[in-house]
2 protein chains.
Amino acid sequence: MLTIEFDGTAYHGWQSQTNAITVQDVVTAAVNRLTGESCSLSGSSRTDAGVHALGFVCNFQTSSSIPEDKFAYALNTLLPEDVAVRESREVSPEFHSRFSARGKTYRYLIHNSQFPSALLRHRAYHVYYPLDVSAMQKAAGHFVGTHDFCAFSATGGSVKTSVRTISQITVDKREANQLELNISGDGFLYNMVRIIAGTLIEVGFGKLKPDDIPEIIGSLDRRKAGRTAPAHGLYLVEVYY
Amino acid sequence: MLTIEFDGTAYHGWQSQTNAITVQDVVTAAVNRLTGESCSLSGSSRTDAGVHALGFVCNFQTSSSIPEDKFAYALNTLLPEDVAVRESREVSPEFHSRFSARGKTYRYLIHNSQFPSALLRHRAYHVYYPLDVSAMQKAAGHFVGTHDFCAFSATGGSVKTSVRTISQITVDKREANQLELNISGDGFLYNMVRIIAGTLIEVGFGKLKPDDIPEIIGSLDRRKAGRTAPAHGLYLVEVYY
């Protein structure tokens with residue numbers, strides 16, 4: 001099992017695909033070069049192009065005799081600078097980084113200012129108009145709990161049920177006009193965090209009221225929720241097992 | 001007067017030079033395109049290749065009728081994404097962003113971890129070995145005051161005196177293994193902040209003791225101080241007038 005940080009700017013997400021370079025491609029290449037094997041990597045989530053990760057998890061089987069904790073050091077010498085292994089350890093053969101996951105935390109970073117930020121240009125969504133943070137905090141509370149999040153899901157997901165449990169959402173002001181949204185739950189539908197972020201931004205503008213959220217959830221109608229916030233503000237922070 | 005944020009990664013510092021692209025080049029090009037004039041820009045400091053800025057200041061003369069505060073918005077549409085104007089305003093003809101400056105604040109960011117950070121790779125200096133933060137804080141206090149900082153200056157500066165006053169240094173732990181050094185003073189010699197950062201890092205390793213600092217300052221000998229910490233951890237935060 002590897003825990004990976006990556007800057008998603010240059011990648012078309014985690015999952016390998018034709019005609020585009022992905023994080024899975026570069027990690028697989030490093031693992032195969034290190035082990036001399038032809039390993040198949042499973043990832044904890046797909047992640048869209050441009051999305052970042054602080055703690056993405058993947059796993060693979062190997063017969064290598066390299067000690068479990070040494071993989072991290074060795075792989076970092078073989079990986080490009082925008083992908084870094086933070087931890088490596090042996091797990092049981094039954095472990096699967098996606099199916100064994102009990103929950104995840106995502107972060108959505110907003111830069112709320114009249115002016116763009118050079119340093120955050122690929123790291124936060126730049127929102128020009130002032131946001132009402134306390135309205136966003138109040139709205140965020142309505143997401144907590146077990147709901148059918150169909151209204152907060154893009155088409156294209158292939159899941160049996162759209163019922164998910166959100167255990168916590170926080171909206172916090174950070175220095176330099178940054179607004180940090182952290183959201184934890186047992187699982188997330190396709191684009192769910194980005195649609196929740198986009199909806200909270202519309203609450204911040206005053207286009208939606210905090211108390212509109214239960215009705216939007218209840219509608220099960222994607223058109224009632226806000227826009228999908230862009231990928232480059234999103235971070236996969238941690239996967240829980 | 002323009003206040004500028006820039007990501008220094010792609011630039012050879014502020015100052016125009018032959019055969020390399022600089023921040024001054026791209027800001028001058030945007031100003032000239034906007035005004036239709038051929039303006040000459042003065043900057044608050046030179047800054048080395050790779051150094052970042054949150055509040056770099058520059059000034060120029062123009063006969064443009066564009067309102068003072070509108071320059072920022074208009075220039076941001078003409079600048080590359082890694083350079084952003086945060087403020088524009090009219091100043092007196094005597095104003096010079098370098099010679100009128102009364103002081104500056106710099107930041108030096110350290111990522112202290114066994115593992116590299118993909119997201120901070122151009123934004124913080126990665127230090128593998130654990131740093132003793134309280135020793136560094138104690139050492140930092142010795143820099144405060146008016147001293148001849150000759151031992152903390154690279155050759156190549158063209159200044160009359162190497163006496164400078166440091167009003168404040170702070171060393172703070174931030175989330176995710178980040179260590180933030182903030183340093184304010186009336187002016188800084190060439191590479192002074194990077195040499196102070198490098199010296200504090202050697203205190204953090206235990207190679208130097210906090211109480212060695214006064215002797216190093218007193219020696220006026222560059223060889224007694226620590227190494228010059230790399231450019232990509234340095235930020236010009238603010239210039240005071």
Side-chain angles (χ1 to χ4, degrees), chain A residues 2-11 23 26-27 51-56 69-88 107 109 111 113-124 126 128 172 174-178 180 182 232 234-238, chain B residues 2-11 23 26-27 51-56 69-88 107 109 111 113-124 126 128 172 174-178 180 182 232 234-238:
Chain A
L2 305 175
T3 306
I4 295 174
E5 175 180 332
F6 61 80
D7 174 351
T9 310
Y11 298 99
V23 180
V26 299
V27 180
V51 171
H52 312 295
L54 297 166
F56 187 93
D69 58 320
K70 295 294 182 260
F71 269 91
Y73 299 95
L75 289 171
N76 282 329
T77 67
L78 299 170
L79 284 166
E81 274 191 316
D82 51 5
V83 179
V85 179
R86 286 175 46 196
E87 194 197 356
S88 55
R107 179 172 299 160
L109 198 62
H111 175 240
S113 165
Q114 292 175 274
F115 302 108
S117 165
L119 287 157
L120 294 173
R121 70 194 185 285
H122 297 131
R123 308 290 170 82
H126 178 213
Y128 289 82
D172 295 297
R174 309 298 290 263
E175 58 165 351
N177 304 314
Q178 291 173 44
E180 190 179 292
N182 284 290
H232 68 277
L234 185 63
Y235 298 73
L236 172 56
V237 175
E238 197 174 347
Chain B
L2 305 175
T3 305
I4 295 173
E5 175 180 334
F6 61 81
D7 174 350
T9 310
Y11 298 100
V23 181
V26 299
V27 179
V51 171
H52 312 294
L54 296 167
F56 187 93
D69 59 319
K70 296 293 181 262
F71 269 91
Y73 299 95
L75 289 171
N76 282 329
T77 66
L78 299 170
L79 284 166
E81 274 191 316
D82 51 5
V83 178
V85 180
R86 286 175 46 196
E87 195 198 357
S88 56
R107 178 172 300 159
L109 198 61
H111 175 240
S113 167
Q114 292 176 274
F115 301 108
S117 165
L119 287 157
L120 294 173
R121 69 193 185 285
H122 297 130
R123 307 291 170 82
H126 178 213
Y128 290 82
D172 295 297
R174 309 299 291 263
E175 57 166 351
N177 303 314
Q178 291 173 43
E180 190 180 294
N182 284 290
H232 68 278
L234 185 64
Y235 297 73
L236 172 57
V237 175
E238 198 173 346

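In what follows, chains are A, B, ... by sequence order, proteins preceding strands, each numbered from 1. Only a predicted model underlies this, so the values are computations on that prediction, with no experimental measurement involved.
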Under 4.5 Å from any heavy atom of chain B - which part of A:N76: side chain

Residue part contacting chain B, namely of A:L79, when any heavy atom lies under 4.5 Å: neither

Taking all heavy atoms of A:A118 and all of B:F6, pick out the closest pair and write down the distance. CB-CA, 3.8 Å

Closest non-hydrogen atom pair between B:A84 and A:P116, with its separation: CB-O, 3.4 Å

Tell me, side chain or backbone of B:I4 under 4.5 Å from chain A's heavy atoms, or both, or neither? neither

Decide side chain to side chain contact (heavy atoms under 4.5 Å, CB included) for B:Q114 and A:Y73; before the verdict, give the C-alpha distance in whole Å, the side-chain angles of both, and the deciding distance to 0.1 Å. CA-CA 9 Å; B:Q114 292 176 274; A:Y73 299 95; 2.2 Å; yes

Could you measure the distance from the NE2 atom of B:H52 to the CG atom of A:L119? Nearest 0.5 Å is fine. 6.5 Å

Paired with B:S117, the side-chain contact (heavy atoms from CB on, under 4.5 Å) test is passed by just one of A:R86, A:E81, A:E5, namely A:E5

Side chain to side chain contact (heavy atoms under 4.5 Å, CB included) with A:E238: which residues, sequence neighbours excluded? A:Y240

